[in-house]
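Reading through the structure tokens given below for one structure.
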Amino acid sequence: MKYYSTRDTGRRSPCGLDEAAFMGLAPDGGLFVPERIPQVDMERVAQLAERSYADMAAYVAAAIMDDMDPDMLRGAVHAAYDFPISLHEVGDGLYTLELFHGPTFAFKDFGARFMGRVAGLLNGGRQLTVLAATSGDTGSAVAHGFSGVEGVRVVILYPEGKVSPLQEAQMTTLGGNIHPLRVDGTFDDCQRLVKEMFRDEALRRRVRITSANSINLLRWLPQSFYYFYGWAAWRRATGCDEPDVVVPSGNYGNLAAGMLARRMGLPVRRFVAASNANDVVPEFLRTGVYRPRPSVRTVANAMDVGAPSNFERMLWLCGGDPEALRRELCGFSCGDDDILSLMGEMHARYGYLSDPHSAVGYGAARALGADGFWLSTAHAAKFGDAVRCATGAEAPLPPALEAMMRRERHSRPMAADAVALREFLMSLG
Ligand SMILES: *Cc1c(COP(=O)(O)O)cnc(C)c1O
């Protein structure tokens, strides 16, 4: 399988999986996509899903990464997915696919863990440095994704005093090959520093650096796997075959991966793009006009994206035809007040604590009378303040998070200065 940029319509620059993963973004500014979309056998998927998530994921992964050694791929997938996933009936025949039982208690673990393990394989023993700036969540998912992966080290820059204690604990208690730097500055400073390192040819000749941001092919492809699992579990629970699937969205990697799964053979009746007040995509679906703009802050802040990168992948999946994309998706959006009252409603009616992002999914499922499931993208305990405010209840920390909060934290102070960062990267050897 080769991979191309969404913008390389003449298919002039094929890349192997390793090159595409190393580059992240394609040189022409597009996003990597596969040259063709393989079909999977849905009955096989259903059988394997009963055995384990990892078995099912390894089967789908082998179809889309057909030039990797299947046994090595299987090993990597099993190492990545050593945590539970479950379809949960909230009540009244309403189902949600809980994707937040991984090490950082958010669905980004599905992409980041897979990327960590597979990048370790593709890198073939060479020393690789993953360099990432974070305002909190991405850094923790990437740190856990690559933790303990041989030959790879991760350097994470985060703004000192500007991430939550929980996020800081997730980045700074792993040790080993994970090197967190607390930068005396803002998130924008962290991003600027990282960009400067990537532009520094002299540095790049000495240190092999790569990014691991959310548009990376190795984070995107594995996000299609859990749709298959959700379908199999929902079919077992209800006896029906074609679910509506609601996806709380921000940068739209998640939904674009669902659309990819559908093209691999996944039966879906309707996909719903569910957003918070940052409603560029629902607005596009309604009006036909795509109007990217600066994001606004909401309680579901991981979805605060005003110019979603993966819009380009969604269009590509529709052969570049905006009208085809409008026909494929339904839209839904809601503001902060609605999100909090949806969280309150779920708690009052079903005794279920939801985080604000997943509550947008619940809201869309109710408003559109969806018959299927919504994706739950984060654990309620990660958003304890919002949960308290919406329900009056406490969302207890899962034991693993609590233990992490008590572990000793290690990070290195760093001035917001390119010279200091360059020196540090060199010193790692
Ligand atoms: C990243 C994230 C989202 C949005 O996913 P996209 O793929 O960017 O659309 C939703 N919820 C949570 C909790 C997230 O961390």
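Formation of a donor-acceptor pair under 3.5 Å by the S147 side chain with backbone atoms of H144 is not found in this model. When atom types are taken as modelled, the side chain of N254 and the backbone of V247 share no donor-acceptor pair closer than 3.5 angstrom. Looking only at distances, a side-chain donor or acceptor of R113 sits under 3.5 Å from a matching main-chain atom of A80. Here the side chain of Q191 pairs no donor or acceptor atom with the backbone of F187 at under 3.5 angstrom. S341 contributes a side-chain N or O that, together with a main-chain N or O of D338, makes up a donor-acceptor pair within less than 3.5 Å. Without hydrogens or angle criteria, S354 side chain to M343 main chain gives no donor-acceptor distance under 3.5 Å. Under the 3.5 Å distance criterion, the side-chain polar atoms of S358 are matched with a main-chain donor or acceptor of T377. Checking side-chain atoms of R51 against main-chain N and O of M56 turns up no donor-acceptor pair under 3.5 Å.
Contact annotation: the side chain of L255 never approaches that of V281 to less than 4.5 Å [non-hydrogen atoms, C-beta and beyond]. With contacts defined as side-chain heavy-atom distances shorter than 4.5 Å, the pair V387/E394 does not qualify. At least one side-chain heavy atom of D189 sits less than 4.5 Å from a side-chain heavy atom of R192. Within the 4.5 Å cutoff, side-chain heavy atoms of M115 are placed close to those of F146. Using a 4.5 Å heavy-atom threshold, the side chains of E98 and H379 count as separate. Here the side chains of V154 and L174 are not in contact, with every heavy-atom distance at 4.5 Å or above. Side-chain atoms of E196 and R199, non-hydrogen and from C-beta on, do get closer than 4.5 Å to each other. Contact of the L428 side chain with the V155 side chain is registered, since non-hydrogen atoms from C-beta on lie closer than 4.5 Å.
Donor-acceptor pairing under 3.5 Å is lacking for the side chains of N276 and D336. Checking S140 against T104 by side-chain atom types alone, no donor-acceptor pair falls below 3.5 Å. Between the side chains of Y59 and D41, no donor-acceptor pair is found at a separation under 3.5 Å. No side-chain N or O of N278 forms a donor-acceptor pair with one of S275 less than 3.5 Å apart. Under 3.5 Å, the side chains of E345 and Y362 contain a donor-acceptor pair of N or O atoms. Remark: the N310 side chain and the R313 side chain contain an N/O donor-acceptor pair separated by less than 3.5 Å.
Ion pairing of D244 with R270 is present here, as a side-chain N (NZ or NE/NH1/NH2) and a carboxylate O approach within less than 4.0 Å. Contact check on R412 versus E423 returns no salt bridge, with no Lys/Arg side-chain nitrogen under 4.0 Å from an Asp/Glu carboxylate oxygen. Of the charged side-chain nitrogens involved, none lies within less than 4.0 Å of a carboxylate oxygen, so that R74 and D69 do not count as a salt-bridged pair. Using a 4.0 Å cut-off between charged side-chain N and carboxylate O, R293 and D279 make a salt bridge.
With a 6.0 Å radius and a threshold of 12 heavy atoms from other residues, nucleotides or ligands, R263 has its CZ atom above the threshold. Around atom CD of Q39, more than 12 heavy atoms belonging to other residues, nucleotides or ligands sit under 6.0 Å away. A 6.0 Å sphere centred on CG of D184 holds no more than 12 heavy atoms belonging to other residues, nucleotides or ligands. Within 6.0 Å of CG on D67 lie more than 12 heavy atoms contributed by other residues, nucleotides or ligands.
Closest of all the heavy-atom pairs between V305 and G250 is CB-O, 3.3 Å. Minimum interatomic distance between V272 and A364 (heavy atoms only, all atoms of both residues): CG1-CB, 4.1 Å. Minimum heavy-atom separation, P103 to D109: N-OD2, 3.2 Å. Contact record, K382 with F105: CD-O, 3.4 Å, taken as the closest heavy-atom pair. Across all non-hydrogen atoms, the minimal contact from G24 to F32 is O-CD1, 3.4 Å. Residue Y252 comes nearest to P308 through the heavy atom pair CD1-CB, 3.6 Å, listed as atom of the first residue, atom of the second, then distance.
Ring planes of F114 and Y81: parallel class, angle under 30° (limits at 30 and 60°).
In this structure, the ring of F107 has its center no less than 6.0 angstrom from the ring center of H357.
Separation of atoms CD (Q47) and CZ (R44) is listed at 5.5 Å; rounding is to 0.5 Å.
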Inset, instruction - Determine, step by step, whether L203 and I209 satisfy the side-chain contact (heavy atoms from CB on, under 4.5 Å) criterion, reporting the C-alpha distance in whole Å, the side-chain angles of both residues, the deciding distance to 0.1 Å, and the verdict. - result: CA-CA 9 Å; L203 174 74; I209 49 175; 4.3 Å; yes
Legend entry - salt bridge (charged side-chain N to carboxylate O under 4.0 Å, His left out) assessment of R269 paired with E242: CA-CA 5 Å; R269 192 167 70 124; E242 250 196 346; 5.9 Å; no
Legend entry - side-chain contact (heavy atoms from CB on, under 4.5 Å) assessment of H410 paired with T172: CA-CA 5 Å; H410 295 281; T172 58; 5.6 Å; no
Legend entry - salt bridge (charged side-chain N to carboxylate O under 4.0 Å, His left out) between R235 and E43, worked out: CA-CA 11 Å; R235 190 173 76 153; E43 288 315 314; 3.2 Å; yes
Inset, instruction - Please report the C-alpha distance between F110 and Y53 in whole Å, then the side-chain angles of each, then the deciding distance to 0.1 Å, and finally whether the ring pair (Phe, Tyr, Trp, His ring centres under 6.0 Å) criterion is met. - result: CA-CA 11 Å; F110 282 88; Y53 182 72; 5.5 Å; yes
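Taking the ring centre of F332 as origin, the terminal cationic atom of R366 falls outside the region bounded by 6.0 Å and 45° from the ring axis.
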